[in-house]
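What follows is a set of notes on a single structure, which appears directly below.
Both ligands and their constituent atoms are indexed starting at 1 by order of listing.
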Amino acid sequence: EIAIGVKKEVDFAAWYTNVLIKADMLDYYSVSGCYILKPWSYSIWEQIQEWFNARIKEMGVENAYFPMFVSSKVLEREKDHIEGFSPEVAWVTRAGQSDLEEPIAIRPTSETAMYPYYAKWIKSYRDLPLKLNQWNSVVRWEFKNPQPFLRTREFLWQEGHTAHLTKHEADQEVLEILDLYRRVYEDLLAVPVITGIKSEKEKFAGGLYTTTIEGFIPTSGRGIQAATSHCLGQNFSRPEMFNIVVEDPNDPTGQGKTYVWQNSWGLSTRTIGVMVMVHGDNQGLVLPPRVASLQVVIVPCGVTAKFTDEDRKRINDACLDLEKTLKKSGVRAKADLRDGYTPGYKFNDWEQKGVPLRLELGPNDLSRSQTLSVRRDTGVKAPLPLGELETAVPKLLETIQSDMYTRAKDTYFSRLKAVTKWEDVVPTLDAKCIVVMPWCEVEKCEDDIKERSARGSEQTDERAPSAGAKSLAIPFDQSRWPAIEPGKTKCPACGHDAKRWTMFGRSY
Ligand SMILES: O=C1CCCN[C@@H]1CCCn1cnc2cc(F)c(Cl)cc2c1=O
Ligand SMILES: [Mg+2]
């Protein structure tokens, strides 16, 4: 039976929320747009945190904590930084019965909370580089319909904010962090991403450039910005902004000053939503073993009513032995000895929760001193000799991890369509694919593409118009597509000279 009650390809939005509820990942909360992260999903965030935290510390980044409150005069420090964002800023206006003198913003991101203090603390080039990170939550009072993990009014993330003496140093770190983000998705979550740079229109307006990892959700055919690493340039350190300036040791006169070069980078619990959408199926969640809080569940089988109590005990003890053996070899395993539930019920329960591997153990298995393994990702069953579990199970988990990644990567790449003729754009988007175009990189052209690619815009029939395509990224790796011949290859949208292959698509 369809455990989730609705098929993924039939009603994706309903499937998504059903999976999250049935897998006990979250619960709805009394404030709309907010969700409770239950242990089954929070443990995934903890795995990501542990992995990422260790690696940024190796880079010399230190964790700190700034207050969540930002005074209005500080937040509005630079009009154009927050223009466009201000409708989503949440404000504290009252405490108890009394109104506050000045409303206080709840941080939507921490640049304006942190950088006045960067200016205070950075007095000499010897104070550089300053590399601080925060694990916190931010609030953005979005009005578009919320989606758990993907668009919520409060979300958990990390936000790194660094200051450097030179652009070169900042440029290097931007890419180093971006590669860590790529690895969080590809190595931990088995989710493929494409690294690249954002167009001028799509970048963080307050920065110099934005690098990004772009995910892809095959079921909806939409791209999704999976994490970003911005170089802010000197935009936030210049005098009109936070005036973060040091003497320049590289200046031959010895009198020179330089504004510091800054980066900021963020990865959020959106990671979890992407992982659910990419790997989940009609039985529910499918967890990559690397981040599964439970990697192996052991279920006693074949124990029927006619069995004596000591038979039942013999099987249960054997399951407990398996659990102990696996735990000793570093596998997160658990024997499900719950009374009153049939094996079938337990199978369904753990399949919905996405546990990567099930080991069934019945009297026949015991007599052959083997256990029947069942993979969650493919359903493939294979007997494993009890004596070889310490090596066979970790190996099988690694195989599951890499197979999940390979399958997702093959799907992603099969949906990247090189398009050189405008008439192929909308059909490609409608086929739930991403358009990769030799693009001119002119912002006006980008606006046109978005407008002209909104389905139902050019055709006469007013079918439900769907959002146009926006540029997702200019991939760093251009070698996947035929070389663009400067002055020869033309942009399919406007006919100007194309510069680089660029991904366009509908997106979250
Ligand atoms: O994306 C990241 C990584 C982590 C640190 N921050 C940057 C830029 C954040 C842009 N951004 C994003 N959303 C915002 C919402 C707001 F209400 C206000 Cl006032 C500002 C912003 C805003 O600057
Ligand atoms: Mg936003």
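Side-chain atoms of Tyr209 and Asp171 form a donor-acceptor pair, as typed in the model, at a separation below 3.5 Å. Of the N and O atoms on the side chains of His230 and Ser264, not one donor lies less than 3.5 Å from an acceptor on the other residue. Of the N and O atoms on the side chains of His164 and Thr166, not one donor lies less than 3.5 Å from an acceptor on the other residue. A donor-acceptor pair shorter than 3.5 Å can be found between the side chains of Ser220 and Tyr508. At a cut-off of 3.5 Å, with distance as the only test, no side-chain donor of Thr212 or Gln225 sits close to an acceptor on the other residue. Donor-acceptor pairing under 3.5 Å is recorded for the side chains of Glu159 and Asn136.
Among protein heavy atoms, atom 23 (O) of ligand 1 sits closest to His81 CE1, 3.2 Å. At the shortest separation from atom 3 (C) of ligand 1 among protein heavy atoms lies Gly266 N, 3.5 Å. The closest protein non-hydrogen atom to atom 9 (C) of ligand 1 is Thr109 OG1, 3.9 Å. Counting only heavy atoms of the protein, atom 22 (C) of ligand 1 lies nearest to Phe85 CE1, 3.4 Å. The protein heavy atom nearest to atom 1 (O) of ligand 1 is His230 NE2, 2.9 Å. The protein heavy atom nearest to atom 15 (C) of ligand 1 is Glu88 OE2, 3.2 Å. Protein heavy atom closest to atom 6 (N) of ligand 1, with residue, atom name and distance, is Glu111 OE2, 2.7 Å.
In this structure, Gly206 does not count as a contact residue of ligand 1, since none of its heavy atoms falls inside 4.0 Å of the ligand.
The Thr228 neighbourhood of ligand 1 comprises atoms 1 (O), with distances under 4.0 Å to a heavy atom of that residue. In summary, the atoms of ligand 1 found under 4.0 Å from a heavy atom of Val89, numbered by their order in the structure, are 17 (F), 19 (Cl). Atoms of ligand 1 lying under 4.0 Å from at least one heavy atom of His161, given by number and element, are 5 (C).
Between Trp265 and Phe52, the ring-plane angle classifies as perpendicular under the 30° and 60° cut-offs.
At a heavy-atom cutoff of 4.0 Å, ligand 1 is contacted by the backbone of Trp265 but not by its side chain.
Checked for salt-bridge contact, Arg182 and Glu214 miss the test: no charged N lies under 4.0 Å from a carboxylate O.
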